[in-house]
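Everything below concerns the one structure shown next.
Computation of the quantities below employed the complete heavy-atom set of this structure, encompassing side-chain atoms and omitting hydrogens, waters and symmetry-equivalent molecules.
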Amino acid sequence: MLNKIMKLGGKKFNKSDQDNTSGVNTVVRSSRPTTAAAPPSSTGESQSAAPSPSQTPNHPMFTAPPSLEVLPLLKDVSSSDRPLLFMKKAHMCSCQCDFSDSLIMPREKEIKRQTLLELVDFLHSSSGKVNETMQSELIRMVSANMFRCLPPAHYENTGAPPEGNDPEEEEPYLEPWWPHLQLVYELLLRYVVSSEIEPKTAKKFINHTFVSRLLDLFDSEDPREREYLKTVLHRIYGKFIFHRPFIRCSIYNIFYKYLYETERCVGIGELLEIIGSVINGFTVPMREEHRLYLVKAILPLHKSKGISIFHQQLSYCVVQFVEKDYKLADTVIRGLLKYWPLTNCNKEVLFLGELEEVLDVTEPSEFQHCVVPLFRQIGKCLNSANFQVAERALFLWNNEHIVGLIAENKDVIFPIIFEALERNMKGHWNQAVHGLSENVRRMFMEMDTELFEECEKQHAENEAKASELLEQREMTWKRLEEAASLAAN
């Protein structure tokens, strides 16, 4: 029995016993290097994974990685030999170089860089005619270089929690092989914007799978790569009309994932820039789909802890929605009030700045719908102990359009704001806030003297009632203390 067990233990496994999971690599965060991903299939969007090398042993693209060698220049060969040489050069550039050490493969790195530069110039030149087979090889090479495993984030290396890191203070990670990657992005950009490339042909290669994997790369830590991704994706959105709904939906799904799963803000700013230009092209009246995404995806981004990184782009998108459809002003303002920060003063200052931009494009008819909850919140900001919040709230009265909206609704706004101004006049510690409050108070008095005097009288009555209630409370406590001392004796 022992001999049988020993024989079984020494048995070798066959290759067929091991898992064969080769296929297209999606962009995941890992510290382990993996092989380059295969490009999207050109036969249709339903094929999201390319066959493994074992399945297509005779295909030239699934053989061993090509060696980097010096080939003739494209301009030095005849036009009939140019397509084959172009594909050979593209296939050769699919090879990856080791950038962990500058002394490793210096000759091969330079050959690949010069070859990529030549391909970029070829696409940009008037002689850059690229047939369908050449396009297939080109996108295959681009995919092999771009779609890769991304390095782990800084907090994943250090073990620190993501919420404890300030993205603005962290040094950005720079891809060591950017000299090659930049040329690959430039090559893809030239391909997308080329007038010689027909969208009907290019959509076989720039399909939904390709676009989806392109969006995954926005998780890259390198800001240079995200900038190129933003430009390329925007050009794809403009040229490939049939991809537009898919791109919009995919970007909104990234926002959902950020809000409810990862809370990683890498790439959110660049995606919001794309959405901002997309909103600018919406037709009026706006479709219900776009209104829904505003409420479900754009406005909830205000509750993010890392909003300071992308607030400028987010504010632009929100203002664009209101400019396109003035009826969305009430929805946007109530959305801001819903996610208004309670304890984060820096975030409050950002919200007040965005609120001013929104009010600057708000129509009077929509302003009336939200005036009460809006100025209740502004009144709280006026009395904030943080002078930056109070000062920023008082700066709203420097905007002529907002002052005009206030003047049209002064009967509602004066009683809400008057008490907050009086508190600042009497007890705020900051002299700048004290002076600004006095200026706003004087502005109210000049707008409507009778209403101002009525508010002043109402405020005095409220103060007297408050004093009376305070005296009654003190008397009640005094009686309780006397009763307690008698009972103790």
Quick check for you: to the nearest 0.5 Å, what is the distance between Glu391 atom CD and Leu352 atom CG?
11.5 Å
Between Gly269 and Phe310, what is the shortest heavy-atom contact and its length?
CA-CB, 3.7 Å
Once you round to the nearest 0.5 Å, how far does CD1 of Ile254 lie from CG of Asp219?
9.0 Å
Enclosure of Gln312 CD (heavy-atom neighbours >12, cutoff 6.0 Å)
no
Should Glu348 and Ser384 be marked as a side chain to side chain donor-acceptor pair (under 3.5 Å) after you check the CA-CA gap, both sets of side-chain angles, and the distance that decides it?
CA-CA 10 Å; Glu348 270 195 284; Ser384 174; 4.8 Å; no
Under a 4.0 Å N-O cut-off, is there an ion pair linking Arg287 with Glu289?
yes
Are the side chain of Asn207 and the backbone N or O of Lys203 linked by a donor-acceptor pair below 3.5 Å?
no
Between the side chains of Arg441 and Glu456, is the shortest nitrogen-to-carboxylate-oxygen separation below 4.0 Å, so that they form an ion pair?
yes
Near Glu454 CD, under 6.0 Å, is it more than 12 heavy atoms from other residues, nucleotides or ligands?
no
Please check if the side chain of His428 supplies one atom and the backbone of His434 the other of a donor-acceptor pair under 3.5 Å.
no
Side chain Ser125, main chain Phe122, donor-acceptor under 3.5 Å:
yes
Check the pair Leu229, Glu270 against side-chain contact (heavy atoms from CB on, under 4.5 Å), reporting the backbone distance first and the verdict last.
CA-CA 9 Å; Leu229 284 166; Glu270 287 80 5; over 6 Å; no
Would you say Asn145's side chain and Met141's backbone share a donor-acceptor pair under 3.5 angstrom?
yes
If we ignore hydrogens and angles and just use 3.5 Å, is the side chain of Thr476 paired with the main-chain N or O of Gln472 as donor and acceptor?
yes
With no hydrogens and no angle check, just 3.5 Å: does a side-chain donor-acceptor pair link Thr201 and Glu132?
no
May I ask you to check whether Ser277 and His234 show a side-chain donor-acceptor distance below 3.5 Å?
yes
Validation row: Gln368, Asn409 side chains within 4.5 angstrom (heavy atoms)
yes
Would you check if the side chain of Ser437 reaches a backbone N or O of Val433 as a donor-acceptor pair within less than 3.5 Å?
yes
Does either side chain, that of Arg248 or that of Tyr293, offer a donor lying less than 3.5 Å from an acceptor on the other one?
no
Using side-chain hydrogen bond (donor to acceptor under 3.5 Å, both in side chains) as the criterion, list what pairs up with His302, not counting sequence neighbours.
Glu354
Return the CG to CZ distance between Leu436 and Arg392, rounded to the nearest 0.5 Å.
11.5 Å
Count the heavy atoms belonging to other residues, nucleotides or ligands that lie under 6.0 Å from CZ of Arg235, then report whether that count exceeds 12.
no
Rounded at 0.5 Å granularity, tell me how far CD1 in Ile139 sits from CE in Met146.
9.0 Å
Side-chain heavy atoms of Pro285 within contact of Asp325, under 4.5 Å:
no
Between Gln135 and Val130, is there a donor-acceptor pair closer than 3.5 Å when you use the side chain of the first and the backbone of the second?
yes
Within the 4.5 Å heavy-atom criterion, are Leu374 and Leu359 side-chain neighbours or not?
yes
Side-chain donor or acceptor of Lys324 paired with backbone N/O of Asn280 under 3.5 Å:
yes
Is Arg442 salt-bridged to Glu446, going by a charged N under 4.0 Å from an acidic O?
no
Closest heavy-atom pair and its distance - Leu259, Ala297
CD1-O, 4.2 Å
Which distance, rounded to the nearest 0.5 Å, do you find between the CD1 of Ile309 and the CG of Leu314?
13.0 Å
Flag yes if more than 12 heavy atoms outside Glu450 fall under 6.0 Å of its CD atom; otherwise flag no.
no
Counting only heavy atoms not in Trp429 (residues, nucleotides, ligands), do more than 12 fall under 6.0 Å from its CH2?
yes
Would Arg148 and Glu175 count as a salt bridge (Lys or Arg N to Asp or Glu O under 4.0 Å) here? Give the steps.
CA-CA 12 Å; Arg148 65 202 187 281; Glu175 283 285 354; 3.0 Å; yes
Excluding sequence neighbours, so at least two apart, what forms side-chain hydrogen bond (donor to acceptor under 3.5 Å, both in side chains) with Glu227?
Lys230
Please check if the side chain of Asn253 supplies one atom and the backbone of Cys249 the other of a donor-acceptor pair under 3.5 Å.
yes
If you apply the rule side-chain contact (heavy atoms from CB on, under 4.5 Å), what do you find for Ser220 with Val266, and how did you get there?
CA-CA 7 Å; Ser220 171; Val266 178; 5.8 Å; no
With the side chain counted from C-beta on, respond yes when Leu328 and Leu294 share a heavy-atom pair under 4.5 Å apart, and no when they do not.
yes
Is the backbone N or O of Ile206 less than 3.5 Å from a side-chain atom of His243, with the two atoms forming a donor-acceptor pair by type?
yes
Would you say that Lys347 contacts Ser308 through its side chain, given a criterion of any heavy-atom pair below 4.5 Å between the two side chains?
no
Over 12 foreign heavy atoms within 6.0 Å of NZ, Lys257
no
Show your working on side-chain contact (heavy atoms from CB on, under 4.5 Å) between Leu233 and Phe218 and close with a plain yes or no.
CA-CA 10 Å; Leu233 188 63; Phe218 276 93; 3.8 Å; yes
Would you give the length of the straight line joining atom CG of Leu116 to atom CG of Leu187, rounded to the nearest 0.5 angstrom?
7.0 Å
Yes or no on side-chain contact (heavy atoms from CB on, under 4.5 Å) for Val193 and Lys239, after CA distance, side-chain angles and deciding distance?
CA-CA 8 Å; Val193 302; Lys239 185 169 185 176; over 6 Å; no
Can a donor-acceptor pair be found between the side chains of Glu186 and Tyr228 at a distance below 3.5 Å?
yes
Would you sort out whether Arg423 and Glu419 count as a salt bridge (Lys or Arg N to Asp or Glu O under 4.0 Å), showing the intermediate values?
CA-CA 6 Å; Arg423 287 178 183 172; Glu419 185 176 354; 2.9 Å; yes
Decide yes or no for Phe255 and Leu271: does some side-chain heavy atom of the first lie under 4.5 Å from some side-chain heavy atom of the second?
yes
Could you check whether atom OH of Tyr256 has more than 12 heavy atoms from other residues, nucleotides or ligands sitting under 6.0 Å from it?
yes
Donor-acceptor pair between Tyr326 and Glu366 side chains, under 3.5 angstrom
no
Would you find more than 12 non-hydrogen atoms of other residues, nucleotides or ligands less than 6.0 Å from Lys410 atom NZ?
yes
Could you check if a side-chain atom of Val403 sits within less than 4.5 angstrom of a side-chain atom of Glu400, using non-hydrogen atoms only?
no
Would you call Arg226 and Asp222 a salt bridge, using N to O less than 4.0 angstrom?
no
For a 4.5 angstrom cut-off between non-hydrogen side-chain atoms, does Leu301 reach Tyr339?
no
Phe414-Phe444 aromatic ring centre distance below 6.0 Å:
yes
CA sep, side-chain torsions, deciding dist, call: Phe452, Phe418, ring pair (Phe, Tyr, Trp, His ring centres under 6.0 Å)
CA-CA 9 Å; Phe452 179 84; Phe418 189 86; 5.3 Å; yes
Closest non-hydrogen atom pair, Ser315 against Glu357:
OG-OE1, 3.1 Å
